[in-house]
Amino acid sequence: MTVKSLAEKIGLKPLLLPDGDREVNGVYCGDLLSWVMGRAQCDNAWITIMSNVNVVAVASLSDVSCVILAEGVSLDADAEKAAADKQINVLVSDKSTYEIAVDLGKVL
Amino acid sequence: MAESITFKFDVDGSDFTSAGQASADVKKNLRQLGLSPEIIRRVSIAMYEGEINMVIHAGGGQAFVTVSENDITILLSDKGPGIKDIDKAMQEGYSTATDNVRSLGFGAGMGLPNMKRYTDFMEIKSVVGEGTDITMRVDIK
Ligand SMILES: Nc1ncnc2c1ncn2[C@@H]1O[C@H](COP(=O)(O)OP(=O)(O)OP(=O)(O)O)[C@@H](O)[C@H]1O
Ligand SMILES: [Mg+2]
């Protein structure tokens, strides 16, 4: 499923969607960046509550298909600019990491 | 590609919120050279972990990335405090990161293990009080 249709299906709000046709092949949840870099797979959706600029670097280098920010967090200004530059898909939700993961599990 | 190309980067140690510029540049360069996404991903993650370590633990340093026909070699060199016990530093979960660094999502003690995981060869040379040199190689199959 693409990032765009996934966002529509489970009601995630697109903050940035420069590459909405990208496929999502699975999910990784985590806030410790080196765990994410070690364990997330290319094209995974990554759910996190971290919102600083390093999240953008990790999303880009790990080649995840989108970042999903849980618990209503939003990117800080630096991070949003970096994400726009690097063409990272960023979706936001007020739900918890667990609730988003459950929703994703139903549609993926 | 008969000849090799080397990219050199100065890694600024003063601002770890914007660290990762060298890795981002390497990723771009490797893309332009037409390397596979899988190789690019491994090189850029290994490089980023090393770059962040130089910023967080060593006050910055230099990075050299050499792309040749058969492999990509990354040399990270810093004049930081050095690593006293390399075996311990290589263990998953070992970290001396400060709370400030941890609040940004680093400090899981997974960086060096990731560098090893994503490369075909890795060697750490470190002298306490003098600095650390890390060499990594990713083979292009
Ligand atoms: N270039 C370096 N100079 C001095 N010490 C270092 C250097 N790189 C790593 N270390 C030491 O090795 C430890 C382990 O490094 P590693 O990258 O695995 O974890 P971390 O940086 O603490 O956390 P993470 O990488 O998960 O964010 C560090 O906490 C630090 O004590
Ligand atoms: Mg590290």
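The figures here come from the full heavy-atom set of this structure, side chains too, leaving out hydrogens, waters and symmetry mates. Just so we're clear, the structure is a prediction, and the values are computed from it rather than from any experiment. Proteins come first, then strands; the chains are lettered A, B, ... in the order of their sequence lines, and each starts at number 1.
At most 12 heavy atoms of other shown residues, nucleotides or ligands fall within 6.0 angstrom of atom CZ in B:R31. Atom CZ of B:F64 sits in a crowded spot, with more than 12 heavy atoms from other residues, nucleotides or ligands closer than 6.0 Å. More than 12 non-hydrogen atoms from other residues, nucleotides or ligands lie less than 6.0 angstrom from NZ of B:K8. Residue-environment remark: NZ (B:K116) stays at or below the threshold of 12 foreign heavy atoms within 6.0 Å.
Closest non-hydrogen pair, B:A24 versus A:K86, comes out as CB-CE, 4.1 Å. In this structure, A:M37 and B:Y48 approach most closely via the heavy-atom pair SD-CD2, 3.4 Å. Considering all non-hydrogen atoms of both residues, A:N52 and B:L104 come closest at ND2-O, 3.2 Å. When every heavy atom of A:S34 is checked against every heavy atom of B:M110, the shortest pair comes out as CB-CB, 3.4 Å. Here the closest non-hydrogen pair linking B:R41 and A:Q41 is NH2-C, 3.6 Å.
Distance check: B:I52 CD1 to A:N54 CG gives 5.5 Å after rounding to the nearest 0.5 Å. Here the CG atom belonging to A:L33 is positioned 13.0 Å from the CZ atom belonging to B:R102, to the nearest 0.5 angstrom.
Linking Ile, Leu, Val, Met, Phe, Trp and Tyr residues whenever their side-chain heavy atoms come within less than 4.5 Å leaves B:L75 and B:I140 in two separate clusters. Linking ILVMFWY residues whenever their side-chain heavy atoms come closer than 4.5 Å, directly or via other members, places A:W35 and A:W46 in the same cluster. Following chains of ILVMFWY side-chain contacts shorter than 4.5 Å, one can reach B:I72 starting from B:F7, so the two form part of one hydrophobic cluster. Connection of A:I49 to A:L104 is not established within any shared hydrophobic cluster, with ILVMFWY side chains joined at heavy-atom distances below 4.5 Å, either directly or through further cluster members.
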Please lay out, stage by stage, how B:K27 and A:L61 fare under the test side-chain contact (heavy atoms from CB on, under 4.5 Å).
CA-CA 8 Å; B:K27 184 179 176 181; A:L61 299 170; 4.1 Å; yes
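For the set A:V53, A:V55, A:V56, the entry with the most heavy-atom pairs within less than 4.5 Å of chain B is A:V53. Heavy-atom pairs under 4.5 Å with chain B were tallied for A:S60, A:A57, A:A79; the largest tally goes to A:S60.
With a 4.5 angstrom heavy-atom cutoff, B:R117 touches chain A only via side-chain atoms.
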